[in-house]
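Here the structure comes first, spelled out in structure tokens, and everything after it is commentary.
We count residues from 1, following the sequence as given. We count ligands from 1, going down the list as the structure has it; atoms in each ligand are counted the same way.
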Amino acid sequence: MKVVEFKLGKVLILDQSLLPHKEEIVVCKTVAEVADAIKTMKVRGAPAIGVAAAYGMALSNDLQKDAKTLKSARPTAVDLSHAVDFVLRRAEDGIRPLESAENWAHGNEDRCARISEHGADLIKDGDNVLTHCNTGPLATSAEGTALGAIIRAARDGKKFFVYVDETRPRFQGALTSWELLRNKIPHKVITDNSAGFLMQKKEIDFVFVGADRIVKNGDFANKIGTYSVAVIAKENHIPFYVLAPISTFDFETETGDSITIEERDEKEVLWVSGYRIYPKGTHARNIAFDVTPSRYVKAYINEFGIFDRISGVEDTWKNTKE
Ligand code: MRU
């Protein structure tokens with residue numbers, strides 16, 4: 001089942017808000033419906049929302065207006081803006097939005113495959129890896145990034161173990177577990193506050209995470225809780241790797257302080273599976289992402305390779321554009 005695809009003038013999206021219990025497709029006939037699927041996290045994960053938005057542009061009758069609608073659906077992940085701008089720029093050169101969207105989707109598949117290959121090289125037999133949130137095929141509409149590398153290493157025959165952060169409040173850990181089970185990869189889910197204990201006990205060898213926006217100085221936004229994991233990893237001398245395609249880099253923004261952080265409805269914290277678990281009258285803050293300073297990152301892994309300095313990423317990217 002495809003995560004996002006374009007068929008007969010419609011954008012088809014696998015509804016991730018129903019997984020892992022139900023596999024249902026949402027059919028979007030308008031830009032507004034695609035924007036809503038992104039906002040309500042039926043499609044989620046930075047690269048996957050980029051692909052959905054690119055295809056959304058192929059439904060547009062007013063590219064400028066619809067670009068704004070799509071970009072505002074979720075503010076933190078920069079792939080979304082990059083994908084929409086890609087379609088817009090090429091439309092100025094007379095290229096049809098659907099053709100550009102297909103190009104974006106194929107480029108994304110290629111980027112994720114190469115990231116998975118580079119990341120898999122770091123995984124050895126007997127390793128214990130910790131991951132946070134969900135960064136596999138569901139999150140990318142392709143092979144994945146952090147989880148893509150994990151799946152690739154298992155397919156290469158390596159034997160290792162994965163600890164999966166539950167990732168409150170949206171439980172993306174359940175999606176990761178679903179993807180690991182489908183690939184028969186041994187793993188256990190842990191509550192988000194367990195990682196420190198396991199690191200202290202030397203039960204984790206390294207951390208693999210994805211990103212939603214990596215800025216010029218190497219600070220990056222990712223799912224809430226990533227910063228805490230990174231700090232505890234450094235305290236325990238555990239390497240912390242960020243796996244993300246060039247479409248997730250934002251070299252226009254200088255530091256992590258300038259990243260807009262999405263805050264979502266308090267209901268996502270107060271309610272679980274249709275039950276209110278807090279007393280009436282309790283309010284919550286639902287901060288969707290946090291920013292991890294670059295000093296906690298051992299290396300950035302993207303389609304061009306493994307970079308221990310962010311400046312190396314920007315130089316390589318500029319050279320490939322020239
Ligand atoms: O709110 P989500 O589920 O869209 O957040 C997803 C993440 O934070 C992922 O780690 C990130 O988008 C990278 S996906 C390859």
Side-chain angles (χ1 to χ4, degrees), residues 3-4 13-20 37-53 73-83 108-109 111-116 118-119 130-152 164-179 192 207-214 220-230 240-250 256 259-265 268-269 286-292 297 300-303:
V3 172
V4 182
I13 290 173
L14 172 62
D15 187 344
Q16 297 187 40
S17 67
L18 301 177
L19 289 176
I38 294 172
K39 208 175 276 185
T40 54
M41 293 175 66
K42 292 182 173 66
V43 56
R44 47 147 297 282
I49 61 178
V51 172
R74 292 194 77 189
T76 304
V78 75
D79 299 62
L80 180 55
S81 303
H82 285 164
N108 175 60
E109 280 170 17
R111 292 189 283 274
C112 289
R114 285 157 64 191
I115 292 170
S116 299
H118 296 307
L130 171 73
T131 191
H132 189 73
C133 198
N134 172 261
T135 56
L138 289 172
T140 55
S141 194
E143 195 170 329
T145 59
L147 190 56
I150 289 168
I151 295 170
R152 177 77 76 109
V164 177
D165 273 348
E166 184 172 48
T167 319
R168 277 280 280 151
R170 297 279 308 211
F171 297 101
Q172 283 90 340
L175 301 177
T176 298
S177 176
W178 189 69
E179 292 188 311
D192 294 327
V207 182
F208 268 16
V209 295
D212 288 84
R213 187 182 293 249
I214 305 174
F220 73 100
N222 192 47
K223 181 51 55 196
I224 191 77
T226 303
Y227 170 52
S228 321
V229 173
F240 180 95
Y241 296 97
V242 182
L243 296 90
I246 281 295
S247 54
T248 303
F249 285 76
D250 169 9
I259 301 176
T260 303
I261 297 295
E262 175 185 6
E263 286 209 35
R264 298 180 61 84
D265 196 306
E268 293 180 348
V269 175
N286 183 8
I287 303 154
F289 300 97
D290 59 24
V291 174
T292 301
V297 179
Y300 303 89
I301 302 175
N302 58 48
E303 59 267 42

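Under 3.5 Å, the side chains of Asp165 and Thr167 contain no donor-acceptor pair of N or O atoms.
For ligand 1, the atoms lying closer than 4.0 Å to a non-hydrogen atom of Ala46 are 12 (O), 14 (S). Near Lys223, with a cut-off below 4.0 Å to any heavy atom, the atoms of ligand 1 are 1 (O), 2 (P), 5 (O), 8 (O). Remark: ligand 1 atoms within the under-4.0 Å shell around heavy atoms of Met41 are 1 (O), 2 (P), 3 (O). Within ligand 1, the atoms closer than 4.0 Å to a non-hydrogen atom of Asn222 are 7 (C), 8 (O), 9 (C), 10 (O), 11 (C), numbered from 1 in the order shown. Atoms of ligand 1 lying under 4.0 Å from any heavy atom of Pro47, numbered from 1 in the order shown and given with element: 14 (S), 15 (C). For ligand 1, the atoms closer than 4.0 angstrom to any heavy atom of Ala139 are 14 (S).
The protein heavy-atom contact nearest to atom 7 (C) of ligand 1 is Asp212 OD1, 3.3 Å.
Note on ligand 1: Arg170 sits outside its first shell, no heavy atom being nearer than 4.0 Å. In this structure, Ala77 has no heavy atom closer than 4.0 Å to ligand 1.
A salt bridge does not link Arg168 with Glu166: every distance from a Lys NZ or Arg NE/NH1/NH2 to an Asp or Glu carboxylate oxygen is 4.0 Å or more.
Of the N or O atoms in Thr140, none lie within a sub-3.5 Å distance of an N or O in ligand 1. The shortest N or O to N or O distance between Cys133 and ligand 1 is not below 3.5 Å. Inclusion of Gly45 in the set of residues having an N or O under 3.5 Å from an N or O of ligand 1 is warranted. When only interatomic distances are considered, the shortest N/O to N/O separation between His132 and ligand 1 does not fall below 3.5 Å. In terms of polar-atom proximity, defined here as any N/O pair under 3.5 Å, Gln172 does make such a contact with ligand 1. Taking distance alone, with nitrogen or oxygen atoms compared against 3.5 Å, Arg44 approaches ligand 1 more closely than that limit.
Each of Thr131, Ile150, Leu138 was scored for a side chain to side chain contact (heavy atoms under 4.5 Å, CB included) with Thr176, with one residue passing: Thr131. Tested against Asn134 for a side-chain hydrogen bond (donor to acceptor under 3.5 Å, both in side chains), the candidates Gln172, Arg170, Glu179 yield a single pass: Glu179.
Ring geometry for Phe208 against Tyr241 counts as perpendicular: the plane angle is over 60°, on a 0 to 90° scale with 30° as the lower cut.
The closest heavy-atom contact to atom 15 (C) of ligand 1, among the options Thr226, Thr145, Thr248, comes from Thr145.
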